[in-house]
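Keep in mind that the numbers below use all heavy atoms, side chains included, and drop hydrogens, waters and symmetry copies. So that the names make sense, note that chain A is the first sequence line, chain B the second, and so on, each numbered from 1.
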Amino acid sequence: MNTTAQAVASDDGGDMLSPLSTLSASDLPAINLGESSARDWLSMLKPRVMTLVVYSGLAGLLAAPGGLNGVLAAAAILCIAVGAGAAGAINMWYDRDIDAIMNRTRKRPIPAGRISPDEALAFGVILAAASVMVMGLATNTFAAFLLAGSIAFYVLIYTMWLKRLTPQNIVIGGAAGAFPPLIGWAAVTGSLGVMPWLMFGIIFLWTPPHFWALSLYAHSDYERAGVPMLPVVKGARETRRQIVLYTLAMVPFSLLPWLLGYAGLVYGLSAIVLGLGFFVSVWRLAHDKQDAFGVSLTNDAPARSTFRYSILYLFALFGAIAVDALIK
Amino acid sequence: MNAVPPLPPLTRLESQALGRRRRGRNIAVLVALVAVAVLFYAIAIVKLTGKMGLPH
């Protein structure tokens, strides 16, 4: 990626000028030298998405019967995080054409020209392979297989196949985000039981209301890029209806770990209270003031509120699973 | 044959920014490599200790 000018600067030794530096850190991103920074590479891993992945993977690991050495558990969580990050990097490589069109993503390192597509792909593939390998070495082959499956699912099924094909993209693609509790559980036990599949189901049913609430007020980008998000294809009114339907399925489903005896009272009460909160939030969203075409007249305030609440909901719910497991 | 005109040299400000960016990236690579070495060492120790604990 070096241009002649940059090679000149490199030969001169840019560091020699640093004692005279008057730059602050905030000046750096404003200067596009076509050269990546450490922060650019970190952003390729989608750290915000990684947070939820790590959290749900940890909940699966803690809820599993038996125990895992602390070092191996930390290695397993690290592998889940890096594997998810690798999938994110490959996603950015594949989606670089639409990322360049959308306001939200056009400053990402690839469309901004700071990281080349080839570098991004190599980065993602190497990290994906390394995370699967280390998972296998630190825990067991089955957990490594699940991690590889989740990366492949996100890249091949969601990114390359469904995302640009159908408005139901995130329904099936959302399963990729539901893998971490399975992997965490498998890292400890080497197998899967009912509880990890219930955790998988909760995230699977949670993804559509979470993501569609966001897409209700952020769909213009997707529209411009030709990504068939539900509000773009079916309109806001149908999107609200689908959010309601998925919430009606998700909240009762979230009670199953407690009702079937896989989680205790802390989880059960949390699921009831948090679920009621979700119902209230979605009820407000469904009754948002709208015009004849279903477009919000309140700047989608209830959708914004539902999106924020959905994040809190999942964090609190999986936190309750972890707490329940720890006090057992 | 058309010669490609050379790009203008970087300004002092750009050189400084470039140097910092490269230094930051090099440090990040160093940290990542050390972390990987420590991780492999720790996993190996735990696995070996576990194996030693098994009955013969």
Checklist entry - According to the interplanar angle, ranging from 0 to 90°, do the rings of A:F142 and A:F145 count as parallel (below 30°), tilted (30 to 60°) or perpendicular (above 60°)? => result parallel
Item to check | Test applied, side-chain contact (heavy atoms from CB on, under 4.5 Å); reference residue, A:F318; option that passes from A:I203, A:L52, A:L58 | outcome: A:I203
Next on the checklist: Taking A:L156's backbone N and O only, do any of them form a donor-acceptor pair with A:T159's side chain (distance below 3.5 Å, no angle check)?
Outcome noted: no
Checklist entry - If you check every heavy atom in residues 31-43 of chain B against those of chain A, which residues fall under 4.5 Å? => result B:L39, B:F40, B:A42, B:I43
Checklist entry - Angle class for the A:Y55/A:F315 ring planes (parallel below 30°, perpendicular above 60°, tilted otherwise)? => result tilted
Item to check | Aromatic centroids of A:F153 and A:Y158 separated by under 6.0 Å | outcome: no
Checklist outcome for this item: Smallest heavy-atom separation, A:G193 atom then A:W185 atom, equals N-NE1, 3.8 Å
Checklist entry - For A:L78, is it the side chain, the backbone, both or neither that has a heavy atom under 4.5 Å from a heavy atom of chain B? => result side chain
